[in-house]
Amino acid sequence: MSLSEFISMGGYGFYVWMSFGMTALLITAEVVYVKHQRKQILRRLQRMAQLNAEV
Amino acid sequence: MSINWFKYSSPQTFYPLAGKMTPWFNWIAGILAVVGLYWGFFETPHILSEQKQYYRILFVHVPAAWMSMWLYLMMVGWAVVGLIFNTRLSFMMAASIAPSGAIFTFLTLWTGAFWGQTSWGTWWDWDPRMTSELILLFLYVGYMALQSAIDDTRRADRASALLALVGAICIPIIYWSVNCPDPNECTALHQQSSMSAVEPNIRIAWLIMVFSFWMYAFAIAFMRVRNVILERERNAAWVTELVGRKK
């Protein structure tokens, strides 16, 4: 099976890759978002602790 | 031997445990995905000939559909434990599962549309299973919206738990909404399917993908619950200490 044959999926490439692509995209986005959220929360809590220490 | 099951029901002890388990679940999910995809694409060409290649959509559609229902049951399970025992961590787990459940439900509908267009000639139809899956998406979204709409966390938890519980009726409906054996009684696009009737190589790829998605669901739920714990327990001494150490 050649690469172009693999990509064309017997003429159904669009349907197959749209399905797999969206799945990969959303799962990646979910992981990135949750990691980003964690950083933001930690940063905010640190700033709040600093403000509390200054008062 | 006695195990103190309630030890890990406290957010403080569960937070580091979830952190330790996350990479393991991520690794297992990743390895299973590679194996499952390899099997689905390279061990099936002799069955999925030129005209049937679109069948591969099912390698993500079926696992996503199973997870959309399974995660809902998990979410309701934690919500009910929370309602009965009034444990904070249970509600946090329920809240952490919901977004992943919604994503899997959306993926089910999305991949289902591409499957429908290729095999049934339509992107969407008000087939019983599609309709009830769409309602499931609204339930997840409704749960999250209700949770964030109420400022008092305890009330938000209880109200959304009740919504999730009532909505659980949707799961058996999705599960059993397939075509009747007699087409004169009812019609649906989704047919009765049994795992044992499926070609073994396809079944292997399916099952491996299901386990991969399942392990991923554990990983992402643990990652998210750590965020929820930090957010909700921000005034607890151990969180202040932890944040101080991170500097």
Side-chain angles (χ1 to χ4, degrees), chain A, chain B residues 22 26 29 33 37 40-42 45 48-61 63-64 96 99-100 102-104 106-108 110-119 209 213 216 219-231 234-235 239-244 246-247:
Chain A
M1 184 170 27
S2 74
L3 184 66
S4 61
E5 260 175 19
F6 181 72
I7 289 170
S8 85
M9 281 284 139
Y12 294 106
F14 173 71
Y15 302 94
V16 173
W17 299 123
M18 281 300 271
S19 300
F20 279 82
M22 183 56 97
T23 307
L25 180 79
L26 284 189
I27 287 178
T28 315
E30 189 180 22
V31 172
V32 169
Y33 176 72
V34 171
K35 283 190 170 175
H36 169 77
Q37 202 183 26
R38 176 178 164 78
K39 269 186 209 147
Q40 266 190 329
I41 292 171
L42 282 174
R43 209 178 301 144
R44 196 175 65 235
L45 292 185
Q46 275 166 8
R47 209 178 304 145
M48 271 162 61
Q50 266 173 3
L51 285 173
N52 279 336
E54 281 167 22
V55 170
Chain B
T22 303
N26 265 331
L37 289 176
F41 278 102
F42 299 107
L48 303 179
S49 56
E50 279 296 291
Q51 306 84 30
K52 294 200 82 179
Q53 303 242 21
Y54 63 84
Y55 199 89
R56 296 213 165 81
I57 293 171
L58 292 190
F59 293 137
V60 278
H61 179 70
S96 306
S100 303
I103 286 176
F104 279 124
F106 173 78
L107 284 175
T108 306
W110 175 272
T111 55
F114 284 96
W115 165 262
Q117 178 62 19
T118 49
S119 70
M209 289 307 283
F213 278 30
Y216 168 73
I220 195 73
F222 285 147
M223 285 166 78
R224 196 178 279 115
V225 82
R226 274 159 67 87
N227 290 354
V228 176
I229 290 174
L230 281 182
E231 190 85 67
R234 59 181 177 273
N235 294 322
V239 174
T240 330
E241 219 171 280
L242 183 121
V243 169
K246 290 261 172 205
K247 237 178 280 176

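Naming convention: chains lettered A, B, ... in sequence-line order (proteins, then strands); numbering from 1 in each chain.
- Once rounded to the nearest 0.5 Å, the distance linking OH of A:Tyr33 with CD1 of B:Ile220 reads 11.0 Å.
- For the atom pair CZ (B:Arg226) and CD1 (A:Ile41), the distance works out to 11.0 Å, reported to the nearest 0.5 Å.
- Between chain A and the residues B:Ala33, B:Ala113, B:Ser100, the most heavy-atom pairs under 4.5 angstrom are made by B:Ser100.
- Listed here is the closest heavy atom pair of A:Met9 and B:Gln53: O-CB, 3.1 Å.
- Taking both residues in full, the closest heavy atoms of A:Leu45 and B:Val239 are given as CD1-CG1, 4.0 Å, listed atom of the first, atom of the second, then distance.
- Contacts of B:Leu230 with chain A are made by both backbone and side-chain atoms, with heavy-atom separations under 4.5 Å.
- In this structure, CD1 on B:Ile103 lies 8.5 Å from CD1 on A:Ile27, to the nearest 0.5 angstrom.
- Across every non-hydrogen atom of B:Thr118 and A:Tyr12, the tightest pair is CG2-CD2, 3.6 Å.
- Between A:Phe20 and B:Phe59, the gap from one ring centroid to the other reaches at least 6.0 Å.
- Counting heavy-atom pairs closer than 4.5 Å to chain A, the top-ranked of the candidates B:Asn26, B:Val60, B:Thr240, B:Leu37 is B:Val60.
- A 4.5 Å side-chain heavy-atom check between B:Thr111 and A:Met22 finds every atom pair outside the cut-off.
- Counting only distance, with no hydrogens or angles, the side chain of B:Trp110 and the backbone of A:Met18 share a donor-acceptor pair below 3.5 Å.
- Screening residues 21-34 of chain A for salt bridge (charged side-chain N to carboxylate O under 4.0 Å, His left out) gives A:Glu30-B:Arg224 as the qualifying pairs, with residues at least two apart or on separate chains.
- With a 4.5 angstrom heavy-atom cutoff, B:Phe106 touches chain A only via side-chain atoms.
- Shown here are the ring-ring contact (aromatic ring centres under 6.0 Å, His included) partners of A:Phe14, two or more places apart in sequence or in another chain: B:Phe114.
- A 4.5 Å side-chain heavy-atom check between B:Arg234 and A:Arg44 finds every atom pair outside the cut-off.
- For B:Arg56 against A:Val16, the heavy-atom pair with the smallest separation is CB-CG1, 4.5 Å.
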